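One structure is given below, encoded as structure tokens.
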Amino acid sequence: MIISWNTTRECHLKCKHCYRDAGTREQSELSFSEGRELIAEIAKAGFKILILSGGEPLLREDIFDLTSCAKEAGLRPVFGTTGTTITPKVAERLKKAGAACIGISLDSAEPAIHEELRQVPGSFAAAIEGMNNCRAVGLPFQVHTTVMEQNYAEFEAITDLAVELGAASHHIFFLVPAGRAKDIETEALREKQYEQLLHRILIKQRQADIELKPTCAPQFMRVARQLGMKMRFTRGCLAGTAYCCILPDGEVHPCPYLPARVGNVRKMPFSEIWRTAEMFQQLRSDRFGGKCGTCNHKDVCGGCRARAYYYTGGDFMAEDPWCLYRRGLSNDA
């Protein structure tokens, strides 16, 4: 079980596809004492991996102490970061605090494309430097890429760069319209490209020395099954079943890309929210609408609940609109 805590909305980049619409720190974000209590509740609920993200989590002054708290609670603390503030000293502090792996965003193998999406000159070189600093102290890192129309063609080149840089894995996030990403919704991959990229990822996995993991693309489990590939993952979409997200102010959502409020940890202990919330119970029922409800790959896929929510105007149990298989066309991809 894995959970993401958006520790802050503060960020020094202005990424076009930021799901949290990050920029300015909110005064309502959880304090250190509240964060420590939350971490204890997360462990109590049975979670094993805690993703500390944002915004930019490394802009929180107490982030190293929170990392240590997570480690002491028996969790595996990992990060989702721009990587641009990871100096040699920061890398050392992260390792000492108990960080297990650092996820660093890199949206292109070309600096100009990455920086056009991130909206800050020099952010490409700074991210690479952050990776090199992690590598220098023996702190594992992985590359995170959000794929869309603009960088669709260069996925393989980004994987090759990740291998060259010494990344432990390459996680490929498919664009979901949430936060500022709603403004570039037309960049999201549609059915045909979506299916084709899933095949390309799994073909590349056979060649690459690092793990490739599609995210917000649960159909990769169905495609892997069709290709006869064994995966270490058990299911595509984990929202509300083995995964959820906590916002800076303590609100709980099924995932970062599905902006539906489940509860707030300031009003109810997280372990109780996780156990009893009605929305989580619905997601765990697997009673999906449309093709997702009758699909013979429902057990390993589950469809993207965030995409269903966005494109239906709020029905998170509806069928996934960008799944080619729902129309019986996946073999034509």
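As the structure is a computational prediction, the values presented were derived from the model and not from experiment. Note that these values count all heavy atoms, side chains included, but never hydrogens, waters or copies made by symmetry.
Side-chain N/O atoms of Arg261 and His253 include no donor and acceptor closer than 3.5 Å. Using modelled atom types and a 3.5 Å distance limit, the side chains of Thr145 and His170 yield a donor-acceptor pair. For Ser169 and Glu211, the side-chain atoms include no donor-acceptor pair closer than 3.5 Å. With 3.5 Å as the limit, one finds no donor-acceptor pair spanning the side chains of Asp315 and Tyr310. Between Asp320 and Tyr325, the side chains place no donor N or O within less than 3.5 Å of an acceptor N or O (distance only, hydrogens not considered). There is a side-chain donor-acceptor pair under 3.5 Å between Glu116 and Gln150. Side-chain contact annotation: Tyr311 with Glu185, donor-acceptor N/O pair under 3.5 Å present.
The environment of Arg225 atom CZ is dense: over 12 non-hydrogen atoms of other residues, nucleotides or ligands sit within 6.0 angstrom. Applying the 6.0 Å contact sphere to NZ of Lys298 captures more than 12 heavy atoms from other residues, nucleotides or ligands. Heavy atoms of other residues, nucleotides or ligands lying less than 6.0 angstrom from CD of Gln207 number more than 12. Residue-environment remark: CD (Gln193) exceeds the threshold of 12 foreign heavy atoms within 6.0 Å. The environment of NZ in Lys14 is crowded: more than 12 heavy-atom neighbours from other residues, nucleotides or ligands sit within 6.0 Å.
In this structure, Ile210 and Ala167 approach most closely via the heavy-atom pair CG2-O, 3.2 Å. Residues Phe47 and Ile2 share a closest heavy-atom pair of CE2-O, 3.4 Å. Scanning both residues, Arg305 and Cys292, for their nearest heavy atoms gives NH2-SG, 3.5 Å. Cys15 and Arg180 get closest at one heavy-atom pair: O-NE, 2.9 Å. For Pro218 against Gly303, the heavy-atom pair with the smallest separation is CG-C, 3.3 Å. Annotation for Ile39 and Ala73: closest pair CG2-CB, 3.9 Å, computed over non-hydrogen atoms.
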**OP:** Step by step, work out the side-chain contact (heavy atoms from CB on, under 4.5 Å) result for Phe280 and Arg275.
**Re:** CA-CA 8 Å; Phe280 287 157; Arg275 181 174 57 86; over 6 Å; no

Subject >> Chi angles and distances behind the side-chain contact (heavy atoms from CB on, under 4.5 Å) call for Phe174, Trp322 >> reply: CA-CA 11 Å; Phe174 283 58; Trp322 295 134; over 6 Å; no

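Separating the CD1 atom in Ile51 from the OG1 atom in Thr7 is a distance of 12.0 Å, to the nearest 0.5 Å. Distance check, rounded to the nearest 0.5 Å: CG of Leu59 to CZ of Arg9 gives 13.0 Å. To the nearest 0.5 Å, the span separating CG on Asp183 from SG on Cys18 amounts to 11.5 Å. In this structure, Cys237 SG and Arg235 CZ are separated by 6.5 Å, a value rounded to the nearest 0.5 Å. From Leu175, atom CG reaches atom CD of Glu187 across 8.0 Å, with rounding to the nearest 0.5 Å. The structure places CG of Leu198 at 9.0 Å from SG of Cys323, a figure rounded to the nearest 0.5 Å.
When atom types are taken as modelled, the side chain of Arg222 and the backbone of Val300 share no donor-acceptor pair closer than 3.5 angstrom. The closest donor-acceptor contact from the side chain of Arg307 to the backbone of Cys216 lies under 3.5 Å. Of the possible donor and acceptor atoms, one in the side chain of Ser68 sits under 3.5 Å from a partner among the backbone N and O of Phe64.
For the pair Arg200 and Tyr152, the cation-pi criterion (under 6.0 Å, within 45° of the ring axis) is fulfilled. Under a cutoff of 6.0 Å and an axis angle of 45°, Arg20 and Trp5 do not form a cation-pi pair. A cation-pi arrangement is absent between Lys204 and Phe155, since the terminal nitrogen or guanidinium carbon is not both under 6.0 Å from the aromatic centre and inside a 45° cone about the axis.
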List, one per line, each side-chain donor-acceptor pair under 3.5 Å for residues 241-249, sequence neighbours excluded.
from, atom 1, to, atom 2, distance (Å)
Thr241, OG1, Leu238, O, 2.9
Asp249, OD1, Glu251, N, 3.1

Per-pair distances, 0.1 Å, donor-acceptor, side chain in residues 89-108, under 3.5 Å, sequence neighbours excluded:
from, atom 1, to, atom 2, distance (Å)
Lys95, NZ, Val137, O, 2.6
Asp107, OD1, Thr146, N, 2.9
Asp107, OD2, His17, NE2, 3.0
Asp107, OD2, Arg118, NE, 2.9
Asp107, OD2, Arg118, NH2, 2.6
Ser108, OG, Glu110, N, 2.9
Ser108, OG, Glu110, O, 3.3
Ser108, OG, Glu154, OE1, 3.1
Ser108, OG, Glu154, OE2, 2.6

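When each of Thr8, Thr81, Thr84 is paired with Glu56, the side chain to side chain donor-acceptor pair (under 3.5 Å) condition holds for Thr81 and for no other.
The side-chain heavy atoms of Phe141 and Phe79, taken from C-beta on, include no pair separated by under 4.5 Å.
Both Phe270 and Leu30 belong to a common hydrophobic cluster when Ile, Leu, Val, Met, Phe, Trp and Tyr are linked at side-chain heavy-atom distances under 4.5 angstrom.
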